[in-house]
Every structure is written in structure tokens, then in C-alpha cells.
A.B. asks: 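What follows is a structure written as C-alpha cells; I'll ask about it next.
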2 protein chains.
Amino acid sequence: MQIDNISRVRNFGRSVAVEIGALEDSFLDRGRPLGAARVLNAIGLGYQNLSELRTILKLDTGLLSRLLRSLEAEGLIETNPNPADKRSRVTRLTEAGEKEFGIYEQLSNERAANILERHKDARRLLDAMDIVTVALSRENIVFEEMDYTSDLATKCLNAFAAELSKRLKVEFDLKKSGDPGLSQMKQPLGTFVVARLGDFPVGCVGVKGNGGALAEIKRMWIAPAARGLGLAHQLMTSAEKAACALGIKTLRLDTNSTLFEAISLYRKMGWTEIDRFNDDPYPDVFFEKHL
Amino acid sequence: MQIDNISRVRNFGRSVAVEIGALEDSFLDRGRPLGAARVLNAIGLGYQNLSELRTILKLDTGLLSRLLRSLEAEGLIETNPNPADKRSRVTRLTEAGEKEFGIYEQLSNERAANILERHKDARRLLDAMDIVTVALSRENIVFEEMDYTSDLATKCLNAFAAELSKRLKVEFDLKKSGDPGLSQMKQPLGTFVVARLGDFPVGCVGVKGNGGALAEIKRMWIAPAARGLGLAHQLMTSAEKAACALGIKTLRLDTNSTLFEAISLYRKMGWTEIDRFNDDPYPDVFFEKHL
DNA sequence: GCATTTATCTGACTTTAGTCAGATAAATCG
DNA sequence: CGATTTATCTGACTAAAGTCAGATAAATGC
């Protein structure tokens with residue numbers, strides 16, 4: 001059985017390697033060697049100082065230097081001393097470089113679109129890809145306090161509302177759900193924590209305070225692709241930590257019995273069930289934890 | 001939305017590329033260049049004649065020749081003229097080569113196991129990987145008539161029984177299900193068709209005949225990872241074709257109303273619903289098609 | 001201020017990968 | 001049988017990738 005699972009992973013690797021090889025081949029069509037193309041793309045993606053480039057591309061100082069020289073000769077990049085530390089240097093795309101980078105982006109997009117077009121309904125495939133993506137790069141997930149109006153936070157909140165609607169089998173309306181006071185999930189009263197993988201939101205949680213010792217946990221959500229990784233635990237931990245930093249002594253939360261995974265987590269993390277403390281229509285289970 | 005989907009695919013590609021790169025790096029630790037390692041592995045996997053090796057590894061005649069020479073010099077392979085056509089040559093691993101190939105296999109297995117070990121419950125990840133594997137290499141799926149006692153067919157039949165048990169919410173027992181006559185799904189009375197991707201079974205269907213003009217379709221199953229690709233349609237087509245070749249004029253089948261995807265397919269493919277033609281406990285819908 | 005460290009560059013070099021034009025030998029075609 | 005085709009090999013070459021030992025200049029430590 002274990003051996004069988006290993007061969008499933010290896011079959012997966014083989015089939016994906018073919019796609020990746022094809023993408024790299026298409027990069028060669030731009031006339032420049034793969035090494036130079038990779039550097040150009042990394043710069044386009046925002047890796048601009050040389051040491052960073054060396055790390056992510058695993059290049060020797062000499063090799064990177066020469067590749068940069070060749071891109072400069074093509075007029076695609078410009079390298080200047082870093083004003084903050086003139087030993088080191090930063091590089092950036094010229095206008096021509098931006099254009100060339102755009103063409104590589106186009107090639108990548110076409111390859112990706114091509115995969116999707118081979119499927120009438122690609123939803124299943126995309127969901128599967130997300131699960132793999134998150135699983136393989138879970139160590140790159142970062143937890144950040146950010147404003148709940150930010151782009152990432154908004155995506156989380158919308159996904160949260162959509163899922164709750166589905167799970168509770170009613171049209172869940174964020175405005176009706178008993179906290180018009182989103183602004184209380186903002187420094188200095190409270191906070192909002194987002195877990196993200198690059199630009200992809202994978203989870204969120206809000207701490208809604210009122211300046212006193214008692215605050216509420218709201219809007220705990222984990223992206224479907226990111227479940228089963230223990231992310232909720234990490235997210236709750238960082239929310240509790242952030243609450244502590246705000247001087248909060250006791251946290252409360254309400255939830256719905258449909259959300260059984262969450263409830264089991266709260267118990268595991270030392271929360272205790274308490275009596276109903278509000279008259280919102282959606283929640284039917286209530287918890288409390290002293291920090 | 002479409003743009004968002006493309007970036008999901010690209011994020012996926014990036015995260016998997018890292019894993020694949022790491023595997024190739026670990027191959028380099030064996031001291032020999034990647035080109036030679038790839039040839040050795042391809043030979044170990046059974047690609048033994050040179051033209052085949054050139055095709056799958058996309059190598060120039062000269063380059064492959066030299067790589068083989070270097071593996072020979074290491075004593076890992078042995079190349080001999082093909083007795084059937086002495087212009088061409090076949091190569092195979094020596095004992096030392098088998099051993100070295102085993103080490104590469106070990107490295108690959110460890111990488112794969114390592115991914116699985118990072119997950120308490122890897123089932124979700126494995127299922128997702130299977131979906132991606134099948135989707136990306138669907139053009140490599142082959143349909144083959146084979147004996148229902150073969151290894152692949154047995155895997156299909158077991159999976160079929162397991163799933164039916166789950167869908168019908170009863171313990172489904174193949175022996176009770178109204179066809180002790182598995183032997184009728186065998187030439188010359190009938191046949192059994194398996195769809196596979198390499199060594200992985202992705203679907204099956206049986207034609208159970210009795211030498212007359214009337215036969216039955218049995219055991220139609222598609223692996224969960226392979227659903228939504230139109231595989232069932234292809235499978236049914238090949239079953240009908242095989243039935244024709246056996247001189248069968250009319251096909252019947254029974255099924256259960258729980259299996260709604262299958263039922264919708266039968267209608268689409270020109271089957272018409274008919275009255276119950278047996279008294280098996282499980283089926284409750286019956287179809288017929290004149291070939 | 002001077003030695004040391006850090007970040008990068010350059011030149012010289014090796015290895016790996018890839019290309020191409022014959023050479024060779026077996027098979028095939030007419 | 002002789003011409004042609006097919007499969008592979010070899011030599012000669014180029015391009016790309018990777019390594020390493022200084023050189024240089026800015027920053028840092030004492």
C-alpha cells in the first residue's frame with residue numbers, strides 16, 4: 001500500500017515533468033539560452049538584488065554576473081549600485097526588458113491556458129492543482145496582520161461568506177451577521193490576520209476588540225485547498241498572540257455546529273464551551289478562552 | 001476569472017518544478033552527469049532499443065551514442081546487435097547497472113516518501129495528484145481487451161465493488177450480484193476491456209455473452225481520478241465495438257439509479273430504457289441498445 | 001585609520017550538452 | 001546483384017553551464 005502510494009507520487013512527478021520541460025523548450029524559442037531567460041524572468045518577477053537572484057536561481061557569482069552582462073548587452077536590463085549599500089547592486093528591466101518579459105509571461109500563460117482548454121470543466125483539475133500547490137509549498141505560507149479592506153483580506157472574507165452560505169444552506173449576508181463593526185478588527189482595537197502563499201490567500205482570522213479585556217474571534221476561514229495541514233491551529237495561535245499584544249485577556253467566539261472541524265479544533269486548543277452570548281441568527285455554539 | 005485560473009495553473013507549475021529540480025539535483029550526487037543518469041534510468045525502465053531511447057529522451061544519435069559509451073565504460077550497460085535486425089542495437093543493464101539503477105530508484109522513492117511523510121493524512125494529496133496525473137497525460141490512456149483475472153482487471157473489479165458498496169450503502173458482494181458467470185466475459189463468449197495509464201487502471205467494462213446475439217454490459221467503472229474526461233464514452237464505444245466483433249447484435253445492461261452519471265451517459269449514447277430483465281437485488285434501471 | 005569582511009566582477013578553465021558531416025555495416029528494393 | 005535506405009558510430013566542432021582564483025571597491029570592526 002505504501003509502495004503503491006509512492007508510485008502514485010512518482011507517476012505524478014513524471015507527468016508534470018513533461019509539461020515543465022515543454023514550457024522550458026518554448027522559452028528557448030526566444031533565441032536566448034535558458035539561463036539568461038531564467039534570470040530575466042526572475043528579475044521581472046521582482047527579484048532585483050543580485051544576492052537574492054543568486055539564491056533563488058542557485059547560481060555562482062561568476063555565472064550570474066556574466067548572464068547579467070549578456071542581458072545588459074541586449075539592452076533588457078540595467079544594473080546599478082544599491083544606494084543603501086554600494087557594494088551590492090540592484091538590477092531592473094528596461095522598457096525593452098519589460099516587453100521581453102511580457103512575451104515570456106505570454107508564453108507561460110498560453111501553456112497554462114492550453115492545459116485548461118483541454119478540459120470542458122477544469123474546476124476539478126484546478127482544485128486538485130491547488131491542493132498539490134499548497135501541500136508542496138506549505139513552508140512558504142506566511143501569516144500577516146493586515147487591514148481587512150486589503151485585496152487579500154477581501155478575497156478571504158468573500159470566500160468565507162460564500163462557504164458559510166453553502167454550509168448553512170442559507171444566503172449568508174456579511175452585513176446581517178451581527179458585526180457591522182468590522183472596524184473593530186483593526187488596530188488599535190483589534191486585528192485581522194491573513195495566511196497567504198505568495199499572492200494566494202489560504203486562510204484568515206479576525207480579532208474584534210473594543211479596547212477592553214474581552215474580545216472576539218471572528219471570520220476564521222481556511223481555503224479548501226489548504227485544509228488538513230494544521231493551518232487553522234497556526235492561524236488561531238497567531239490570533240491569540242496578536243490579541244495578547246493588544247492587552248486582551250479573554251477571547252470569545254461563536255460558530256455553527258455545521259462547522260465541525262473548527263469546533264473540534266477549538267476544544268483541542270483549550271477553548272471551553274460557554275452559554276450563548278449574543279442573539280445572532282447563524283451561530284449556535286459558543287466558546288471562550290482565557291489567555 | 002480566467003486569468004485567475006491561469007495563475008493557479010502557473011503557481012502549481014512553479015511549486016512542482018521545485019520538487020522536480022530537487023530530484024534531479026539528487027541524481028547528480030551519484031557523480032555522473034544528468035544526461036547519462038537519464039539514459040541509465042530509461043534503460044532500467046525497459047526502454048532497451050536505441051531508437052526508442054532517442055525518441056523518449058529526445059537525444060541526437062551522436063549524443064546518445066556517446067552517453068551509452070560512457071555507461072559502458074563504467075560497466076553499467078551492455079549493448080548488443082538486435083538479433084532480429086543487426087543494423088539496430090539493444091542495450092541492457094549489467095549486474096552493476098541494475099544495482100546503480102536500484103540506487104536511483106531508491107532516491108526517487110525517498111523523495112516521494114518524503115513528500116508523503118510531510119502529511120499526517122496524505123489521502124487528499126494523493127487523490128489530487130492522481131487527478132492531475134490523469135488529466136495531464138490523458139492522451140496516453142490505452143484501452144485493451146484483457147482477461148478479467150489479470151492483475152489490472154482484478155484491481156478494477158475490486159475498486160468497482162468497493163465503490164458500489166459505498167454508493168448503494170450496502171455491502172456489495174461481487175459473488176451475489178447475479179453473475180457467477182464471470183467466465184462469460186471472456187473470449188469467445190464475451191470480453192473485458194481495461195483502460196489504463198501506464199500500470200494504473202483508470203477504467204473497465206465487461207461484455208458478458210452466451211454465444212447468441214444478445215449480450216450484457218457489466219462492471220462499467222471509471223477511476224475517481226479519471227472522471228469528467230469522457231472516458232466512459234470511449235470505454236463504452238470500445239465495448240460495443242468488441243461486442244460487434246463477437247457477432248453480438250443487441251446489448252443490455254442493468255444499473256442502479258444512484259449511478260446518475262452513468263445513466264445520463266447511456267441515454268446520450270443511444271441506449272433506451274427497458275423493463276426489468278432480471279431479479280438481481282442491486283439494479284433498478286435497465287437499458288438496451290441494438291448495434 | 002587600518003585590517004577584515006562582504007558583494008561583485010573578470011579571466012581562465014572544465015564539463016556537459018548539443019550539432020553535423022562523413023563512415024560503416026546490415027537490410028531492403030527492384 | 002547493385003543501389004538505396006536505415007541504424008548507429010566517430011570525429012570535429014560550438015554553445016551553454018558551471019567552477020575557481022584573484023581583483024576591486026564599499027562597508028564594517030576595533
Side-chain angles (χ1 to χ4, degrees), chain A residues 17 20-22 24-43 47-74 76-92 104, chain B residues 17 20-22 24-43 47-74 76-92 104:
Chain A
I20 289 171
E24 295 196 332
D25 283 351
S26 79
F27 272 27
L28 284 176
D29 292 346
R30 294 297 306 157
R32 104 186 26 85
L34 203 55
R38 278 220 289 265
V39 172
L40 182 69
N41 277 286
I43 298 169
Y47 298 96
Q48 305 205 316
N49 61 64
L50 304 206
S51 58
E52 216 180 348
L53 281 169
R54 276 201 308 274
T55 316
I56 69 142
L57 298 173
K58 286 179 200 146
L59 292 174
D60 171 86
T61 55
L63 187 44
L64 175 62
S65 186
R66 252 175 287 269
L67 291 171
L68 290 173
R69 241 36 76 221
S70 86
L71 290 171
E72 269 170 4
E74 283 193 86
L76 301 176
I77 62 167
E78 219 177 70
T79 311
N80 296 300
N82 179 350
D85 180 345
K86 284 176 198 150
R87 283 173 304 181
S88 68
R89 311 184 71 196
V90 286
T91 186
R92 58 181 197 77
Y104 282 111
Chain B
I20 289 172
E24 294 195 334
D25 284 352
S26 78
F27 272 28
L28 284 176
D29 291 345
R30 294 300 303 158
R32 88 184 46 78
L34 204 55
R38 278 222 289 266
V39 173
L40 183 69
N41 277 286
I43 298 169
Y47 298 96
Q48 305 205 315
N49 62 64
L50 303 206
S51 58
E52 217 180 349
L53 281 169
R54 276 201 308 274
T55 316
I56 69 141
L57 298 173
K58 286 181 200 144
L59 291 175
D60 170 88
T61 55
L63 187 46
L64 175 62
S65 186
R66 251 176 289 269
L67 291 171
L68 290 173
R69 239 38 74 221
S70 86
L71 291 170
E72 269 170 5
E74 283 193 87
L76 302 176
I77 62 166
E78 217 177 70
T79 312
N80 296 301
N82 179 349
D85 178 347
K86 285 175 198 152
R87 284 172 303 182
S88 67
R89 311 185 69 195
V90 286
T91 187
R92 58 184 195 76
Y104 282 111

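Quick note on labels: first sequence line is chain A, next is B, and so on, each numbered from 1.
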A.B. asks: Drop me the distance from A/Ile20's CD1 to B/Ile20's CD1, to the nearest 0.5 angstrom.
C.D. replies: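 A/Ile20 CD1 to B/Ile20 CD1: 3.5 Å, rounded to 0.5 Å.
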A.B. asks: A/Ile77 and A/Ile43: which non-hydrogen atoms are nearest, and at how many Å?
C.D. replies: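 Of all heavy-atom pairs spanning A/Ile77 and A/Ile43, the closest is CG2-CD1, 3.9 Å.
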A.B. asks: Can you check the A/Asp25 CG to C/dA17 C1' distance for me, whole Å?
C.D. replies: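 Roughly 14 Å, once rounded to whole Å.
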A.B. asks: Grab the CZ-C1' distance between A/Arg54 and D/dG18 for me, whole Å please.
C.D. replies: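 About 15 Å, once rounded to whole Å.
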A.B. asks: Side chain of A/Pro33 only, please: which of C/dA17, D/dC9, D/dA17 is the nearest?
C.D. replies: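 Within the option list, the nearest is D/dA17.
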A.B. asks: How long is the span from the CG atom in A/Asn80 to the OG1 atom in A/Thr91, to the nearest 0.5 Å?
C.D. replies: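 Rounded to the nearest 0.5 Å, the CG-OG1 separation comes to 8.0 Å.
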A.B. asks: Which pairs count as side-chain hydrogen bond (donor to acceptor under 3.5 Å, both in side chains) when at least one residue sits in residues 57-73 of chain A, sequence neighbours excluded?
C.D. replies: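 Output for this query lists A/Ser65-A/Arg69, A/Arg69-A/Glu72, A/Glu72-A/Thr79.
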A.B. asks: Measure CG/A/Leu28 against P/D/dA15 and give the value in whole Å, please.
C.D. replies: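 Value for this atom pair: 15 Å.
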A.B. asks: Within less than 4.0 Å of OP1 or OP2 of D/dC9, is there a side-chain N or O belonging to B/Arg69?
C.D. replies: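 Checking B/Arg69 against D/dC9: at least one side-chain N or O falls below 4.0 Å of OP1 or OP2.
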A.B. asks: Grab the N/O contacts between the protein and nucleotides 19-22 of chain D below 3.5 Å, and write none if there aren't any.
C.D. replies:
unit_1: D/dT19; atom_1: O4; unit_2: A/Arg66; atom_2: NH2; d: 3.3

A.B. asks: Rounded to whole Å, please give me the gap between CG in B/Leu67 and P in C/dT15.
C.D. replies: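 Whole-Å distance recorded here is 16 Å.
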A.B. asks: Is A/Ser88 near enough to C/dA7 that one of its side-chain N or O atoms lies under 4.0 angstrom from OP1 or OP2?
C.D. replies: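 No, outside the criterion.
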A.B. asks: Starting at CG of B/Leu53 and ending at P of D/dT8, how long is that distance when rounded to a whole Å?
C.D. replies: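 So the two atoms are 9 Å apart, to the nearest Å.
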A.B. asks: Please write out each protein N/O paired with an N/O of nucleotides 27-30 of chain C under 3.5 Å, distance rounded to 0.1 Å.
C.D. replies:
unit_1: C/dA27; atom_1: OP1; unit_2: B/Lys86; atom_2: N; d: 3.0
unit_1: C/dA27; atom_1: O4'; unit_2: B/Arg87; atom_2: NE; d: 3.2

A.B. asks: In this structure, how many angstroms lie between the C1' atom of C/dT6 and the CG atom of A/Asn49, rounded?
C.D. replies: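 Those two atoms, CG and C1', are 14 Å apart.
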A.B. asks: Both B/Lys58 and A/Leu64 contact DNA chain C. Taking the nearest nucleotide for each, which residue is further toward the 5' end?
C.D. replies: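 Its nucleotide being nearer the 5' end, the pick is A/Leu64.
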A.B. asks: Check B/Leu28 against B/Leu34 and note the closest heavy-atom contact, atom names and distance.
C.D. replies: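 Result for this residue pair: CD2-N, 3.7 Å.
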A.B. asks: Please give, in whole Å, the distance from C/dT16 C1' to B/Leu59 CG?
C.D. replies: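 Going from CG in B/Leu59 over to C1' in C/dT16 covers 13 Å.
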A.B. asks: Could you pull out the closest heavy-atom pair between B/Ala37 and B/Arg32, with the gap in Å?
C.D. replies: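 Residues B/Ala37 and B/Arg32, closest heavy atoms: N-CG, 4.1 Å.
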A.B. asks: Taking atom CG of B/Leu64 and atom CG of B/Leu68, what is their separation to the nearest 0.5 Å?
C.D. replies: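 CG of B/Leu68 is found 4.0 Å from CG of B/Leu64.
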A.B. asks: Restricting to non-hydrogen atoms, name the atom on B/Ala42 and the atom on B/Leu57 that form the minimum distance, rounded to 0.1 Å.
C.D. replies: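 The pair with the smallest heavy-atom distance is CB-CD1, 4.1 Å.
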A.B. asks: Show the nearest heavy-atom pair for residues A/Asn41 and A/Phe27, with the distance to one decimal.
C.D. replies: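 The answer is ND2-CE2, 3.5 Å.
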A.B. asks: Starting at CG of B/Leu57 and ending at P of D/dT8, how long is that distance when rounded to a whole Å?
C.D. replies: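 Rounded to whole Å, this separation is 14 Å.
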